[in-house]
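All of these numbers come straight from a predicted model, not from anything done at the bench. Throughout, numbering of the chain's residues begins at 1 and tracks the sequence.
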Amino acid sequence: QVQLVESGGGLVPPGGSLRLSCEASGRTFSNYAMGWFRQAPGKEREFVAVTRRAGAPARYAESVKGRFTLFRDNAKNTMYLQMNSLEPEDTAVYYCAADSTIIQSSLSNPGAWDYWGQGTQVTVSS
């Protein structure tokens with residue numbers, strides 16, 4: 001049984017930083033694609049960042065490029081999202097996702113991913 005558990009969300013002022021964690025269990029995830037998505041109130045879930053497998057370069061949405069960094073710790077089966085220079089527009093519930101068979105062209109499509117965490121709220125406000 002694959003389980004993904006996010007943590008690290010919270011309230012932060014504009015310009016601040018947060019680090020989200022996604023702890024995975026139930027499999028060895030080094031060959032899984034893993035990614036971060038977010039969903040703001042009244043909006044659809046959107047792609048934030050993804051890596052095809054452990055050690056592969058991450059791909060980012062244009063809106064977060066240069067501010068967010070995805071990295072993975074294989075020994076801990078954990079993925080992180082370091083978020084800097086946060087903006088009010090980054091406010092959303094952030095979800096991690098994992099998949100062992102997703103194809104390259106579907107990485108940014110939330111509907112293509114098999115496994116999801118429960119989400120963690122990030123609020124950027126003064």
Side-chain angles (χ1 to χ4, degrees):
Q1 181 76 11
V2 173
Q3 285 192 320
L4 304 174
V5 179
E6 301 99 333
S7 61
L11 173 65
V12 62
S17 298
L18 279 176
R19 178 177 292 186
L20 305 183
S21 300
C22 172
E23 184 173 356
S25 61
R27 295 285 191 279
T28 299
F29 286 86
S30 58
N31 289 324
Y32 273 59
M34 296 189 75
W36 290 97
F37 293 78
R38 66 186 182 187
Q39 189 165 17
K43 295 188 176 181
E44 294 187 351
R45 193 168 298 188
E46 65 175 8
F47 160 71
V48 175
V50 65
T51 177
R52 183 65 183 88
R53 62 186 180 279
R59 195 170 84 189
Y60 299 92
E62 286 298 320
S63 59
V64 307
K65 200 174 290 185
R67 300 187 298 122
F68 290 11
T69 303
L70 181 159
F71 57 102
R72 295 168 65 161
D73 184 334
N74 293 332
K76 295 181 179 179
N77 249 8
T78 300
M79 175 179 66
Y80 303 92
L81 185 68
Q82 177 65 42
M83 306 187 295
N84 298 330
S85 302
L86 282 161
E87 303 168 353
E89 294 73 23
D90 296 316
T91 295
V93 177
Y94 283 70
Y95 298 89
C96 70
D99 197 296
S100 63
T101 61
I102 192 169
I103 61 176
Q104 183 74 22
S105 59
S106 295
L107 289 174
S108 61
N109 176 8
W113 291 74
D114 281 345
Y115 303 107
W116 291 90
Q118 81 290 350
T120 185
Q121 176 70 46
V122 171
T123 303
V124 184
S125 175
S126 54

Pairs where residues 7-32 contributes a residue and the test ring-ring contact (aromatic ring centres under 6.0 Å, His included) is met, not counting sequence neighbours: Phe29-Tyr32
Listed once per pair and sorted, the ring-ring contact (aromatic ring centres under 6.0 Å, His included) pairs that draw on residues 52-77, sequence neighbours left out: Phe71-Tyr80
From [atom1] ([X]) to [atom2] ([Y]), nearest 0.5 Å:
X     : Y     : atom1 : atom2 : value
Gln82 : Arg19 : CD    : CZ    : 4.5 Å
Asn31 : Asn74 : CG    : CG    : 9.0 Å
Leu81 : Met34 : CG    : CE    : 12.0 Å

side-chain hydrogen bond (donor to acceptor under 3.5 Å, both in side chains) involving Arg59 - partner list, sequence neighbours excluded: none
Listed partners of Glu87 passing side-chain hydrogen bond (donor to acceptor under 3.5 Å, both in side chains), at least two apart: none
List, one per line, each side-chain donor-acceptor pair under 3.5 Å for residues 41-49, sequence neighbours excluded.
residue : atom : partner : partner atom : Å
Arg45   : NE   : Gln39   : OE1          : 3.4
Glu46   : OE2  : Arg38   : NE           : 2.6
Glu46   : OE2  : Arg38   : NH2          : 3.2

Minimum heavy-atom separation for [X] and [Y], please, with both atom names.
X     : Y      : answer
Asp99 : Ile102 : OD1-N, 2.8 Å
Ser85 : Arg67  : O-NH1, 3.0 Å
Ala40 : Ala92  : N-CB, 3.8 Å
Asn84 : Ser17  : OD1-OG, 3.0 Å
Ala56 : Thr51  : O-OG1, 3.1 Å

Which residues share a ring pair (Phe, Tyr, Trp, His ring centres under 6.0 Å) with Tyr95, sequence neighbours left out: none
Hydrophobic clusters here meaning ILVMFWY residues chained together by side-chain heavy-atom distances under 4.5 Å, can you tell me if [X] and [Y] are in one?
X     : Y     : value
Val93 : Val64 : no
Met83 : Trp36 : yes
Phe37 : Leu20 : no

Close side-chain approach of Ser125 to Leu11, heavy-atom, < 4.5 Å: yes
Heavy-atom side-chain contact between Gln121 and Thr91 under 4.5 Å: yes
Pairing residues for Thr28 by the side-chain contact (heavy atoms from CB on, under 4.5 Å) criterion, not counting sequence neighbours: Ser30
Set of side-chain contact (heavy atoms from CB on, under 4.5 Å) partners for Val12, sequence neighbours left out: Leu18, Leu86, Val124
Can you give me every donor-acceptor pair (side chain of residues 103-116, partner residue at least two apart or in another chain, under 3.5 Å) with its distance?
residue : atom : partner : partner atom : Å
Asn109  : OD1  : Gly111  : N            : 3.0
Trp113  : NE1  : Leu107  : O            : 3.0
Trp116  : NE1  : Trp113  : O            : 3.4

Within residues 34-78 or reaching into it, pairs that qualify as disulfide bond (SG atoms under 2.5 Å apart) - sequence neighbours excluded: none
Of all pairs that satisfy disulfide bond (SG atoms under 2.5 Å apart), the ones with a partner from residues 21-68, not counting sequence neighbours: Cys22-Cys96
Donor-acceptor contact present, side-chain Asn77 to main-chain Arg27, <3.5 Å: yes
Check: Thr78 side chain, Asp73 main-chain N or O, donor-acceptor pair, under 3.5 Å: no
Derivation of the side chain to side chain contact (heavy atoms under 4.5 Å, CB included) call for Val5 and Gln118: CA-CA 7 Å; Val5 179; Gln118 81 290 350; 4.3 Å; yes
Listed once per pair and sorted, the salt bridge (charged side-chain N to carboxylate O under 4.0 Å, His left out) pairs that draw on residues 115-126, sequence neighbours left out: none
